[in-house]
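Naming convention: chains lettered A, B, ... in sequence-line order (proteins, then strands); numbering from 1 in each chain. Below, each value reflects all heavy atoms present in this structure, side chains not excepted, and no hydrogens, waters or symmetry copies.
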There are 2 protein chains.
Amino acid sequence: MSKGERTRAAILDQALAMTSTDGLTGLTIGTLADRLGMSKSGLFAHFGSKEQLQAAVLERAAELFADTVVRPALAQPRGLPRVLGLFENWIAWTMDPVLPGGCPIQAASIEFDDRPGPIQDLIVKQQEDMRRVVIGAARRAVEEGHLRADLDVEQFAFEGISLCYGFTQSYRLLKNPKSEVWARNAVHGLVDRARVRQ
Amino acid sequence: MSKGERTRAAILDQALAMTSTDGLTGLTIGTLADRLGMSKSGLFAHFGSKEQLQAAVLERAAELFADTVVRPALAQPRGLPRVLGLFENWIAWTMDPVLPGGCPIQAASIEFDDRPGPIQDLIVKQQEDMRRVVIGAARRAVEEGHLRADLDVEQFAFEGISLCYGFTQSYRLLKNPKSEVWARNAVHGLVDRARVRQ
DNA sequence: TTGACAATAGTACGACCGTTCGTATTATTT
DNA sequence: AAATAATACGAACGGTCGTACTATTGTCAA
């Protein structure tokens, strides 16, 4: 790992934390450089433009999400455990102090939902990927016989993802201590209703 | 209505649209003045500070939300119709072209969930108000015998609000044409499960 | 119609934005 | 050890930000 790659990684770590609290727009090259004790221009040279910095941050965030949420869930036995693992890990991810201001991708979703361009395209792709992961896990659980054969997996994914989003708002903004219980109850209810009747 | 009050209202209308797409931080006095064909300083004089402008925008947004979502729902007969009305109107509100970029309050929620201060306080208050409205409607529906007596109304509100939030993301960012159907299915499912067994 | 005051415009400010450039320093390769 | 590439720096650019002051215009009751 060359020197450049090391600093680039350090920049992205700090940028991720900053984006988490201030958003992709609030992420500013000057203050980011200050926090890292380096010059604006030196930092800038690593990315070439602010937009490319933003894209790099989003990609780093997605990696972290994959490592923290998706991969551990997919390591579970296929079927129901994977589906539950996804939601459980997602809830834990929202509370993870590694991201001091919550999921940067979710923040960026709302920030950029009316600003077409490469950044929006990237966000949409990431969200679609996540949707596909949930749908795939649910479909697999159907095949395994854990979930009902007539389950509408797209509807299922919509509801599960919505609950994870709502949890963020309840936990991070309203700071309601019951948020976690509500979120867990909700996703478990969602999964229970999707199970085969016995 | 004096001249000043009229321009102030015009400013807030335009500011609301701008906040809807660009967020409360992206709302900028210079561009706002340009769009209204007036000077920065002339506009500025109406509010005294950007923060007060932001607060005024949020209050105007809350009024609009109350007029569009809450009041029409509360005009329905108490009990189940009111609960359903709330969710239906909320979904319609998210799609309303009056707010070209979706609900400004929801956007502000994520923008300010890590920026303590008077604006965050105001947003929290507004969200708590809305939560109370949903909880109140659900509780009333229990009293009317429409919903189960053992219903956890807080859990119910959490799930309902989460679905409305998730709908925004699915509809506005991902532009999935099935979003509306999913959202309606989800809230109707939520309500159906809360109904008394017969 | 005039006088008082509200409403708007004009101008300037310091701070910060993203970006560019030339140059110095440090790594890496030859 | 010499040559070359990678990395970082400081200074400066044109712009925009929010805000402060002063001047001008418009409104409306007496």
Undergrad: Which residues within residues 39-51 of chain B lie with some heavy atom under 4.0 Å of an atom in DNA chain D?
TA: B:Lys40, B:Ser41, B:Phe44, B:Ser49, B:Lys50
Undergrad: How close or far is atom C1' of D:dC17 from atom CG of B:Leu32, stated in whole angstroms?
TA: 14 Å
Undergrad: Can you name the salt bridge (Lys or Arg N to Asp or Glu O under 4.0 Å) partners of A:Lys125, sequence neighbours left out?
TA: A:Asp129
Undergrad: State which residues pass side chain to side chain contact (heavy atoms under 4.5 Å, CB included) with B:Pro118; sequence neighbours excluded, sorted by chain then number.
TA: B:Glu51
Undergrad: Just the rounded figure in Å: distance from P of D:dA8 to CD1 of A:Ile29.
TA: 15 Å
Undergrad: Assess, by modelled atom type and distance only, whether the side chains of B:Thr25 and B:Arg115 contain a donor and an acceptor separated by less than 3.5 Å.
TA: yes
Undergrad: Please state how far atom CD in B:Gln52 lies from atom C1' in D:dA20, giving the value in whole angstrom units.
TA: 15 Å
Undergrad: How many Å lie between NZ on B:Lys3 and P on D:dT27, as a whole number?
TA: 5 Å
Undergrad: Nearest-Å distance, CG (B:Leu53) to P (D:dG18)?
TA: 9 Å
Undergrad: Would you say the side-chain atoms of A:Tyr171 and A:Glu180 include a donor-acceptor pair closer than 3.5 Å?
TA: no
Undergrad: Using 30° and 60° as the class boundaries, would you call the ring planes of B:Phe158 and A:Trp182 parallel, tilted or perpendicular?
TA: tilted
Undergrad: Categorize B:Leu27 for me: base, sugar-phosphate, or nothing, with a 4.0 angstrom heavy-atom threshold over every strand shown.
TA: sugar-phosphate
Undergrad: Any salt bridge between B:Arg78 and B:Glu143, counting N to O under 4.0 Å?
TA: no
Undergrad: Rounding to a whole Å, what distance do you find between B:Leu24:CG and D:dG18:P?
TA: 12 Å
Undergrad: For D:dC17, take OP1 and OP2 only and decide whether either is under 4.0 Å from a side-chain N or O of B:Thr25.
TA: no
Undergrad: Once you round it to whole Å, what is the distance between P of D:dT27 and CD of B:Glu5?
TA: 15 Å
Undergrad: Whole-Å distance between C:dA9 P and B:Asp34 CG?
TA: 11 Å
Undergrad: Taking OP1 and OP2 of C:dC16, is either one under 4.0 Å from a side-chain nitrogen or oxygen of A:Thr31?
TA: no
Undergrad: Which of the following nucleotides, D:dC17, C:dT8, C:dC17, is nearest to the side chain of B:Thr28?
TA: D:dC17
Undergrad: Would you mind checking if A:Arg131 and A:Glu128 are paired as a salt bridge, meaning a charged N to carboxylate O distance below 4.0 Å?
TA: yes
